[in-house]
Amino acid sequence: MAGRSLLCVFLVFCLCAAVQCHDPVKINDFLFSGGFEFVDLSHPFDNDTVYWPGGRKFSFTKKVAMKNPHGVWYSANEFCAAEHGGTHLDAPIHFAQNKWTVGQIPIDNLITPLIIVDLSTKVAGNADFVLERHHMDHLFVGDPRRNFTVVFRFGWSQHYGNPTKYLGSSSPTGNNLNFPGISEDVAKWLTETRTLIGVGVDTPSVDPGSEHRGLAHKTFAAKNIFMLENVNLEKTLPSSLCTIIVMPMKIQDGTGAPCRLTAICPRTDVHNFF
Ligand SMILES: *[C@@H]1O[C@H](CO)[C@@H](O)[C@H](O)[C@H]1NC(C)=O
Ligand SMILES: *[C@@H]1O[C@H](CO)[C@@H](O)[C@H](O)[C@H]1NC(C)=O
Ligand SMILES: [Zn+2]
């Protein structure tokens, strides 16, 4: 009997190893082992936050900041802003009627493997750069097994503090912008990857600044793929080893929302870590 139960335990162990059982009790041991770093991919919301032209900028008003008569410090502020500014999420309904609002995007779509496609060397600071299929050879590896989010690094985050360079205009109107973006052709090609659920860029829009018809936006939105804009990609991160945690403010009917973006990445080469 003892032999048989040992065999059972052994079989369960093997089965577990084969199907990769996850012990829910161990996730914190794993995540907080020191082997991972949590990387902030959001720009701060303050007076310098970049908004889409015409959108209400982040206004932040001090309401109270004082000690009360009992010596207790109390401070509180109010803020007001357009949906589409700073590091934010575009819900599919932004460019496709009847598709998901911010509040309707399933939570499972907001925590996924992250693929980072680093094009900064190819872009080389050129605001006219439009991502075409031939730039993508050997670069893009989607994950056919799991839903995933892809973020394109055009090398634009370094210009975020200089809105004229970042937007491509000193008096931006929406019709005179210039910064890199994704062509309609690449957008269509990406949506053929059925497990793609989100697309991000380190520029103000997934469409190039010079594109006024929102062709990339429309293509992604039609497939209920959310978009992330003004992603802070100053750091170089591993291209396929991170997880992204997309936490937009849950504006239920929003077409977009400010977003706290975090990547969880291995600190060292994954082969050393395991
Ligand atoms: C932000 O702008 C407001 C309105 O112009 C101003 O009152 C406030 O002092 C500014 N805040 C900072 C931190 O510069
Ligand atoms: C991937 O996302 C789609 C769309 O939200 C969902 O229907 C599907 O269940 C997801 N698949 C996995 C494996 O999570
Ligand atoms: Zn937007």
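We count ligands from 1, going down the list as the structure has it; atoms in each ligand are counted the same way.
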Notebook entry, point to check: What's the atom name of the N, O or S in H84 nearest to the Zn ion (ligand 3)?
Noted result: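 The nearest such atom is ND1.
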query: So, for atom 7 (O) of ligand 2, does the protein have a heavy atom nearer than 4.0 Å?
result: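 So atom 7 (O) of ligand 2 lacks protein heavy-atom neighbours under 4.0 Å.
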Would you say atom 14 (O) of ligand 1 makes contact with the protein, given that contact here means a non-hydrogen protein atom less than 4.0 Å away?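 True for atom 14 (O) of ligand 1.
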Do you see an N/O/S atom of H88, backbone or side chain, under 2.8 Å from the Zn ion (ligand 3)?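 Short answer: yes, at least one N, O or S atom is under the cut-off.
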Relative to the heavy atoms of N147, which atoms of ligand 2 are at a distance of less than 4.0 Å?
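Here the atoms of ligand 2 in question are 1 (C), 2 (O), 3 (C), 8 (C), 10 (C), 11 (N), 12 (C), 14 (O).
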The Zn ion (ligand 3): angle it makes with OD1 (D90) and OE1 (E229), nearest 10 degrees:
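Nearest ten degrees: 90°.
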With salt bridge (charged side-chain N to carboxylate O under 4.0 Å, His left out) as the test, would you mind laying out the steps for R153 and D202 before giving the verdict? CA-CA 6 Å; R153 185 173 191 260; D202 60 351; 5.4 Å; no
query = Under a 4.0 Å N-O cut-off, is there an ion pair linking E37 with K235?
reply =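 Between K235 and E37 there is a salt bridge, with a charged N closer than 4.0 Å to a carboxylate O.
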In terms of its nearest heavy atom to atom 10 (C) of ligand 1, the top option of D48, T61, N47 is N47
* **Polar contact flag, side-chain donor to acceptor under 3.5 angstrom, E184-H217** =>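 Distance-only check fails for E184 and H217.
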Can you confirm whether W156 sits close enough to V123 that some side-chain heavy atom of one is under 4.5 Å from a side-chain heavy atom of the other?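 Side chain of W156 against side chain of V123, heavy atoms only: contact under 4.5 Å found.
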So for W100 against ligand 2, with non-hydrogen atoms under 4.0 Å, the contacting part is side chain
Quiz prompt | Which segment of N109 sits under 4.0 Å of ligand 2 when only heavy atoms are counted | solution =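 Just the side chain.
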inquiry  = Quick check on the 6.0 Å ring-centre criterion: do H159 and F179 meet it?
reply    =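 Here the rings of F179 and H159 have centres that are no less than 6.0 Å from each other.
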**Message:** Restricting to non-hydrogen atoms, name the atom on K62 and the atom on N77 that form the minimum distance, rounded to 0.1 Å.
**Reply:**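 Heavy-atom minimum between the residues: CA-OD1, 3.3 Å.
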Checklist entry - Taking the six-membered ring for Trp, are Y166 and H43 parallel (under 30°), tilted (30 to 60°) or perpendicular (over 60°)? => result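 Answer is perpendicular, since the angle exceeds 60°.
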